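Step one of this worksheet: look at the structure below.
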Amino acid sequence: MLRFLLQRLALIALMLLVLSGLVFFLVQLLPGDLATNILGSQATPEQYAAMRAKLGLDQPVWVRYFTWLGDFLRGEWGHSVSADQPVRDLVLTRFGNTLRLAGVALAILIPSAIVAGVLAGLNEGKWIDKIISVGGATLTVIPEFVSGIILMIVFAVWLRWFPISATAPSDADFWTTVRHLILPSLPVVFVSFGYIAKMARSGTIEVLEAPYIRTATFKGLTRRQIVLRHVLRNALPPTISLSLLQASFIMGGLVVVEQLFTYPGLGKLLLDASTSHDVPTLEAAVLLAGIIVMVMTLLADLTLALLDPRVRVGG
Amino acid sequence: MQENTMSLTQTPAEKLRAERRQQRAFLLRQLFGNPGFLLGAVIILFWCLVAIGWHLIVPYDPFATGITMPLGAPSLEHWMGGDDLGRDVWSRVLAGTADVLSIAPLATVITISVGTLIGVCAAYFGGAIDNLLMRSVDILLVFPPIIIALMIISAIGASQVTMIIIIGFFGAPAVSRTIRAAAMREANRDYVAAAVMRRENNGYILLREILPNIEGPVAVETTIRFGYAIFAAASLSFLGVSLQPPAADWGLTITVQRIYIQVQPWSTLGPALALASLVVAVNLVADRLRKVLATP
Amino acid sequence: MSDKIDGRHTANQLTIADKLKNGMESGHMSRREVLRRGSVLGLSMAFMGSLFGFDRAAFAQEAPKEGGVLKLGISRPRGVVDPLTSRSRSEGFILKPVLPPLGRLQADGTLAPGLAESWAPNEDATVWTFTFRPTKWISGEAFTAHDIAAALDILLDPASPSPTVSGYRGILSHGKYEVPDDSTLVFHLDRPYVDFPYIVSYGATAWFPKGYVQGDFAAGKVGGVGPFLLKEYSADRGATYVKNPDYWDAANIHLDGLEILFFDDDQSMALALQGGQVDALPVLASSAVLAISANPDFEVLSARSSAYNSIRMQVDASPFSDKRVRQALAYSIDRQAIVNTIYSGAADVGNDHVFAPAFQQSAAVVAAIPQRERDIEKAKALLAEAGYANGVQVTLTSQQYADIPQYLQMVQSQAKEAGFEITLDLKSQAEYYGADDNQPWLSVPFGATDWGERATPGAMITPAYLTGAPFNESKYANPDFDAAAKAFDAETDPVKRDQLAIDAAKIMHEDTPTIIGYFAQTRRPVSKKVKAFPAGPASQLDLTGTWLDQ
């Protein structure tokens with residue numbers, strides 16, 4: 001188990017190195033120039049030169065990459081040139097916003113998808129199963145911005161059930177904040193709902209076919225007791241572990257949703273940083289997003305390995 | 001003697017061909033007998049025809065400004081009203097089909113070719129090659145594709161070709177996993193062992209022996225990936241990194257018209273519903289295909 | 001007319017006043033123009049009122065109520081706002097309630113006294129004398145002319161990070177000013193410049209005390225000379241202010257305080273206004289204004305502006321090296337349709353010269369040069385004469401910024417009819433402006449650039465259209481135009497000045513180095529409970545007289 005863990009950690013370190021290098025060198029290809037971006041088009045040559053020196057743009061790419069990487073590992077993420085504030089503050093503030101949005105999304109996603117999946121599994125082959133399976137599979141394929149704009153028009157513009165803006169006033173209470181985040185979180189929920197429901201469904205079916213369930217049935221336990229005692233206990237853990245593997249999709253979806261709802265999260269920051277060529281911010285934001293996805297994947301791997309020893313042996 | 005040999009070698013081949021013909025007919029009945037599949041296929045066919053021939057069916061020039069009231073409400077003349085520049089929204093929805101459907105199919109071809117190649121090679125060669133390929137696939141699958149694609153496109157610039165290549169390659173790792181699993185089952189069968197005994201070269205075995213026997217999973221993957229390619233292409237153009245105005249592309253139109261939803265929702269709702277109908281149709285087809293071909 | 005009012009003005013100013021009076025009586029100038037012209041030359045409102053026979057008080061409407069905090073929404077400025085680095089409108093909005101401009105520019109183009117109580121030029125407008133009112137910084141030290149001189153020493157240093165230096169280029173050089181006494185500052189200009197008071201009252205420049213250190217503003221260490229005092233400032237959220245009881249014009253500041261909130265984009269700003277989070281938005285994109293203008297609880301104020309989008313054609317590159325091709329494009333676009341579609345009418349049609357309706361000389365220029373209307377036949381004929389009878393294919397390079405994509409798509413669609421096959425290449429803003437050797441906005445043969453609001457026609461022409469000017473993106477070069485434009489900047493006589501404006505505008509219109517289809521107005525959506533909110537100019541926000549009806 002320890003070897004497995006170390007292996008995975010080494011893999012993650014390697015992946016982060018690849019990711020940071022990839023991002024850093026891609027960013028160098030971005031057209032335009034940060035100094036112009038900050039100063040506007042009508043500055044004097046002296047101002048440009050001073051700004052470029054201040055930004056370190058006069059140094060070679062390699063030097064800048066290793067300088068940056070070293071600083072990043074030491075927790076010094078640099079100074080955001082477009083926002084003119086420390087990158088760490090900026091990225092962590094925005095990440096906090098994204099966590100809030102992701103929190104609402106997960107709070108809706110996990111319970112609803114699991115309940116739907118278990119229901120489908122218990123009613124295998126019946127109409128309720130078909131609706132959940134087909135519905136889930138359909139929602140999965142609709143791009144977040146399409147479901148998002150439809151939800152926005154129907155529920156915020158026409159019915160006015162939800163606010164159109166994702167950002168609550170700064171003095172809003174907890175429930176108001178949540179209410180503002182429901183519409184933006186739904187598209188993300190939709191995309192992953194089908195997958196998790198499917199996992200829960202097949203988990204349930206597997207458990208129902210297991211010998212001990214038959215025994216339990218012989219022992220005269222009611223269906224309700226069987227579901228609560230055995231099905232949920234045995235089908236839930238792998239489902240939750242597998243849901244962690246959705247982190248990559250959820251992260252990608254958040255970029256799109258934050259853009260659609262102009263929500264100041266990590267995804268919006270990432271997109272804005274890439275258009276304004278804010279190298280330190282972009283690097284830090286992408287790396288943070290990468291780290292989170294990888295940690296989630298690692299957690300999924302580990303928990304699955306714990307639940308099923310065959311995974312450990314198999315590799 | 002001669003005749004004899006021929007009949008001996010031909011009869012099983014003919015039999016096989018006849019069997020396959022029968023199988024195909026059965027499959028087609030299974031597919032088209034299903035209302036979901038039929039509906040999906042009709043919708044896809046509709047959008048494909050529109051993509052090719054929108055010039056012939058648009059009621060107005062989709063790029064001509066001032067055709068109708070800017071942000072005008074839907075009317076008999078303009079089913080979905082006008083956009084911010086007074087262009088006919090319905091005409092633009094039709095014209096936008098061409099943008100989506102010029103990227104997704106070619107990207108799918110790349111996805112499937114690359115993914116199948118990797119999957120089949122990993123399964124057939126096994127050992128170190130399998131390990132190397134699949135670990136690389138693991139790594140690629142972990143990176144959020146939209147974020148990486150976003151960066152590559154903003155760095156090297158967007159053209160139709162780069163979009164097709166990027167979307168194509170990003171789908172490949174997932175395909176290679178499924179194909180590897182299917183090919184593994186085939187690689188362990190007798191006919192492959194027989195071919196190896198005959199000292200056929202590896203290329204022949206991969207292409208002529210294994211590949212025809214995994215056409216089911218490949219067909220299913222193709223439809224699924226086609227859906228994802230539409231998803232990816234639309235999302236990237238929504239994020240504004242792909243096409244430019246005045247393109248009528250659905251994703252781009254939604255980005256641009258979004259600010260007017262309180263005044264004229266149809267200029268965003270039109271392309272949104274069109275896109276939704278296309279991806280859902282692709283999914284209906286993929287779903288039935290998977291069931292009929294009985295792949296996991 | 002009392003001697004007391006008269007006594008404040010120089011003989012030179014009185015001569016000008018006389019000429020303005022003649023201009024008005026002969027019907028050559030409207031009352032509004034007389035006011036604008038007189039104010040920039042330093043004639044006081046009271047003096048003009050008595051001389052020309054109208055009373056400003058007549059404009060006053062309801063009696064204002066005292067009190068209340070006005071909440072404004074603006075787009076988030078980059079970084080920590082500071083007068084040393086301030087370059088954007090947003091930064092100006094944050095700074096100026098505390099550090100006001102020398103003259104307060106009004107929506108109607110007049111220049112009201114600010115930190116400077118009065119100003120006057122010498123005969124040829126090369127020497128300007130500004131007189132300051134006695135007031136105090138919050139440190140307790142008196143505000144003097146030395147403060148402004150010290151600020152200029154820093155701002156006009158070519159290596160300073162301030163954009164102020166580019167606005168003064170060729171007009172006022174570093175060190176060319178003197179302080180004869182604490183309340184007087186004398187400027188010695190590089191060349192005659194009649195509109196100089198605008199230059200020192202415009203843009204994002206905010207004046208600061210001697211010995212100022214970067215960061216003092218954010219720390220709340222400066223102020224006292226403006227209508228408000230900074231109470232709290234956060235680079236992330238915004239700023240709050242309280243009324244300054246010691247402000248020289250405190251009687252006309254009716255608000256108890258001011259709160260400015262930052263937003264990331266136009267849509268959230270518009271939503272915040274509709275949701276009651278803010279009371280007014282000093283700047284909002286035309287696309288976002290649309291949703292608000294339908295709402296009866298809000299009023300959208302408009303003020304004329306000199307900002308424009310320039311569709312410029314390099315005069316040395318085929319096919320635009322032929323003047324007829326440039327004119328053909330100018331005749332192929334439907335300016336009124338563009339104004340109606342993109343701005344719901346809230347823009348003034350342009351005539352391919354920079355004498356915008358916001359400028360004083362506009363009326364004379366408009367009367368002298370017929371408006372270019374859409375004329376497809378004429379456009380086709382011009383193209384055919386130039387040898388492009390079968391049409392011409394061109395690529396128009398520009399940026400994905402504000403209303404530019406909308407404008408260019410309409411031009412693309414309209415010009416098609418005349419035979420122009422235009423391909424749009426819309427880059428990101430960073431890419432379009434570029435840097436060093438790669439600055440597409442200067443180098444592409446056919447491009448569209450956004451030019452921000454300027455105080456004077458000279459400030460528009462000097463960087464962009466004079467032969468060899470640093471930002472002459474159309475490579476326009478016409479000695480006659482250069483001569484007319486320079487003479488315009490130097491002419492004090494209003495009637496002669498009008499003629500020079502007409503001369504310059506005519507040459508530019510005829511040569512058509514650029515198409516100026518319209519000048520979009522500044523739009524300010526305001527809740528109906530806010531009264532007497534300034535409609536413009538876009539970069540200024542003078543809250544004198546503004547009050548809340550609660």
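Lettering follows sequence order; numbering is per chain, from 1. These numbers were taken from a predicted model, which means no experiment stands behind them.
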task: Specify which of B:Gly86, B:Pro245, B:Gly66 makes the most heavy-atom pairs with chain C at under 4.5 Å.
output: B:Pro245
message: Under 4.5 Å from any heavy atom of chain B, what part of C:Leu271 do you find: side chain, backbone, both or neither?
response: side chain
message: At a 4.5 Å cut-off on heavy atoms, which part of C:Ala288 comes close to chain B: side chain, backbone, both, or neither?
response: both
Using atom types as modelled and no hydrogens or angles, find all donor-acceptor pairs between chain B and chain C shorter than 3.5 Å.
residue  : atom : partner  : partner atom : Å
B:Thr65  : N    : C:Ser413 : OG           : 2.9
B:Thr65  : OG1  : C:Ser413 : OG           : 3.2
B:Asp84  : OD2  : C:Gln406 : NE2          : 2.7
B:Arg87  : NH1  : C:Gln409 : OE1          : 2.6
B:Arg87  : NH2  : C:Gln409 : OE1          : 3.3
B:Gln244 : OE1  : C:Leu426 : N            : 2.8
B:Gln244 : NE2  : C:Leu426 : O            : 2.6
B:Tyr260 : OH   : C:Gln406 : NE2          : 3.0

- prompt: More than 12 foreign heavy atoms under 6.0 Å from CZ of B:Phe169: is that the case here?
  reply: no
task: Check each atom of C:Leu426 against the heavy atoms of chain B and say whether the ones under 4.5 Å are side chain, backbone, both or neither.
output: both
